[in-house]
Amino acid sequence: MPELPEVESIRRQLEPLLLGHHVTESDSHPSDKFTPAREIVGLGFEAVLRRGKYLLFSLDNGTEMVIHLGMTGQLIPVNDLSDPYLRAWWKLDNNVTLGYRDIRRFGRIRICLPGDYEGTLKKLGPEPLSDDFTIDSFYTSIKRSSRKIKTQLLSQLPVAGVGNIYADEACFHAGIYPGLRKLTRAKTADLHHSIRQVLYSAVENGGTTLRDYVNVEGKQGRNQQYLVCYGRDGLPCVNCGELLRRTVIDGRGTTFCPTCQRR
DNA sequence: ACTACGTCCTGCGAGC
DNA sequence: TGCTCGCAGGACGTAG
């Protein structure tokens with residue numbers, strides 16, 4: 001499940017691979033989630049950007065290709081075009097074929113004018129590692145909704161790029177039960193700090209690989225060895241030794257420490 | 001307008 | 001051992 005750190009790791013590796021190069025040929029899976037990939041034949045890459053979990057490819061005709069990796073999306077150079085999970089590919093003028101693999105097909109590819117976004121990308125909250133993500137803006141955004149705090153994080157509105165793994169990790173580090181609907185300003189500041197810390201470290205560690213995530217070189221991330229909450233239900237809390245518990249919050253699996261994260 | 005929940009998709013692991 | 005079934009989850013559509 002690529003979240004901000006995984007998408008940023010991919011972006012950094014794609015940039016030198018794509019910049020200045022043109023697409024000579026392309027094809028895609030017939031689903032309209034992926035067919036827009038074919039529209040960029042003949043165009044060149046001018047920038048590889050990221051907003052939250054979205055990759056933005058600036059093209060030399062003034063449009064942008066937007067890719068969301070969904071659950072199992074991968075962007076990797078490919079040789080075998082008969083790979084059954086290959087949903088799109090672009091042959092470049094540098095003899096590299098970039099492939100979009102996506103086993104579960106939750107990802108999608110779109111072409112649009114820069115800033116002319118639709119859906120979640122249009123309403124995305126601030127970048128968590130930028131100066132735009134302040135405690136004040138975060139607190140104001142959190143207060144606007146009565147939804148559970150984890151659900152708010154996953155909505156991408158208070159802050160961009162947090163998914164299930166880093167939501168659990170951040171709530172754990174902040175000592176916040178993810179099912180709470182109200183946070184004090186002090187607790188909001190703790191969560192703000194934890195989100196930044198957790199995401200920054202994960203980027204430094206090249207992302208988290210639980211199953212499907214690999215970077216452009218096909219290599220796994222290293223951050224999974226530093227997770228202290230997500231996926232550790234039944235194991236002792238690193239702070240207090242209590243066994244971590246698993247519950248479901250708005251349909252999403254959630255791990256927490258019943259002692260450190262009081263309801 | 002806001003919240004809650006179903007849907008998409010496929011591999012995998014638990015359980016019989 | 002071999003099969004069935006439910007789970008995993010990001011974003012979006014729909015219902016209330």
Side-chain angles (χ1 to χ4, degrees), chain A residues 1-11 28-36 50-56 65-75 83-88 100-110 112 117-125 127-128 140-171 178-183 195 199 202 207-214 220-221 223-224 227 229-234 244-256:
Chain A
M1 45 221 88
E3 306 179 28
L4 184 148
E6 292 74 37
V7 178
E8 176 60 19
S9 298
I10 290 169
R11 188 202 69 76
S28 80
H29 183 279
S31 164
D32 57 17
K33 286 178 172 181
F34 309 116
T35 52
R50 180 192 56 75
R51 267 290 278 140
K53 306 175 194 174
Y54 294 83
L55 282 165
L56 311 174
M65 178 167 69
V66 179
I67 298 185
H68 193 293
L69 301 172
M71 285 286 299
T72 55
Q74 302 173 336
L75 283 164
D83 178 342
Y85 303 121
L86 192 64
R87 309 306 184 187
Y100 177 68
R101 287 187 87 238
D102 187 353
I103 291 175
R104 293 186 196 175
R105 288 199 265 151
F106 272 28
R108 65 207 127 79
I109 300 172
R110 290 181 307 207
C112 66
Y117 304 128
E118 51 188 61
T120 301
L121 179 54
K122 180 176 61 183
K123 299 176 290 184
L124 217 52
E127 280 298 312
T140 301
S141 179
I142 292 294
K143 269 197 304 189
R144 267 202 284 268
S145 169
S146 62
R147 287 192 289 181
K148 295 171 180 176
I149 185 62
K150 174 166 177 176
T151 304
Q152 294 209 54
L153 294 178
L154 296 184
S155 79
Q156 308 299 302
L157 302 183
V159 62
V162 177
N164 209 36
I165 296 172
Y166 300 112
D168 277 10
E169 291 294 300
C171 286
L180 294 182
R181 292 177 190 271
K182 299 271 183 217
L183 291 186
I195 288 168
L199 293 177
T208 299
T209 299
L210 295 176
R211 170 164 291 159
D212 298 292
Y213 170 68
V214 292
Q220 302 194 336
N223 195 63
Q224 57 277 10
L227 298 181
C229 183
Y230 181 89
R232 295 192 70 250
D233 54 296
L244 300 185
R245 288 234 306 262
R246 200 191 119 89
T247 186
V248 174
I249 289 180
D250 285 335
R252 297 297 168 234
T254 301
T255 305
F256 68 101

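Letters A, B, ... are given to chains in the order of the sequence lines, protein chains preceding strands, and every chain is numbered from 1. Only this structure's heavy atoms are used, side chains among them; waters, hydrogens and symmetry mates stay out.
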The single option from A:Leu75, A:Leu69, A:Thr72, A:Leu86 passing side-chain contact (heavy atoms from CB on, under 4.5 Å) against A:Asp102: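 Checked A:Leu75, A:Leu69, A:Thr72, A:Leu86 against A:Asp102; only one passes side-chain contact (heavy atoms from CB on, under 4.5 Å): A:Thr72.
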A:Arg246 side chain: which of C:dA11, C:dA8, B:dA4 is closest?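 Nearest to the side chain of A:Arg246 among the choices is C:dA8.
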Return a single string for nucleotides 5-12 of chain B, one symbol per nucleotide in 5' to 3' order, where B is base contact, S is sugar-phosphate-only contact and - is none, cutoff 4.0 angstrom on heavy atoms. --BBBBSS
Is A:Arg181 close enough to B:dC2 that one of its side-chain N or O atoms is under 4.0 Å from OP1 or OP2 there? no
Applying salt bridge (Lys or Arg N to Asp or Glu O under 4.0 Å), can you list everything that pairs with [X], at least two apart in sequence or on another chain?
X	result
A:Lys150	A:Asp168
A:Arg50	A:Glu8, A:Glu127
A:Arg232	none
A:Asp250	none

With DNA chain C as reference, determine whether A:Gly119 or A:Met71 sits nearer its 5' end, using the nearest nucleotide of each.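 The 5'-side residue here is A:Met71.
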Give me, pair by pair, the N or O atoms of the protein and of nucleotides 13-16 of chain C that are less than 3.5 Å apart, along with how far apart they are.
none

Side chain to side chain donor-acceptor pair (under 3.5 Å) with A:Gln152: which residues, sequence neighbours excluded?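 In terms of side chain to side chain donor-acceptor pair (under 3.5 Å), with neighbours along the sequence ignored, A:Gln152 is linked to no residue.
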Listed in order of residue number, which residues of residues 147-156 of chain A have a non-hydrogen atom at under 4.0 Å from DNA chain B? A:Arg147
Salt bridge present between A:Arg245 and A:Asp233 (N-O < 4.0 angstrom):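 Not counted as a salt bridge, because no side-chain N and carboxylate O are separated by less than 4.0 Å.
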Sequence neighbours excluded, which residues qualify as ring pair (Phe, Tyr, Trp, His ring centres under 6.0 Å) partners of A:Tyr230?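 So A:Tyr230 forms no ring pair (Phe, Tyr, Trp, His ring centres under 6.0 Å) with any residue.
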Non-neighbouring partners of A:Thr208 that pass side-chain contact (heavy atoms from CB on, under 4.5 Å), sequence neighbours left out: A:Glu6, A:Ile165, A:Tyr166, A:Leu210, A:Asn223, A:Gln224, A:Leu227
Set of side-chain contact (heavy atoms from CB on, under 4.5 Å) partners for A:Ala88, sequence neighbours left out: A:Ser28, A:Ala37, A:Trp90, A:Tyr100, A:Ile109
Roughly what angle, to 10°, lies between the helix axis at the start of the helix from B:dC2-C:dG16 to B:dC16-C:dG2 and the one at its end, five pairs per end?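 That helix has its two terminal axes inclined by roughly 50°.
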Atom-pair distance (CZ on A:Arg144; P on B:dC2), nearest Å: 9 Å
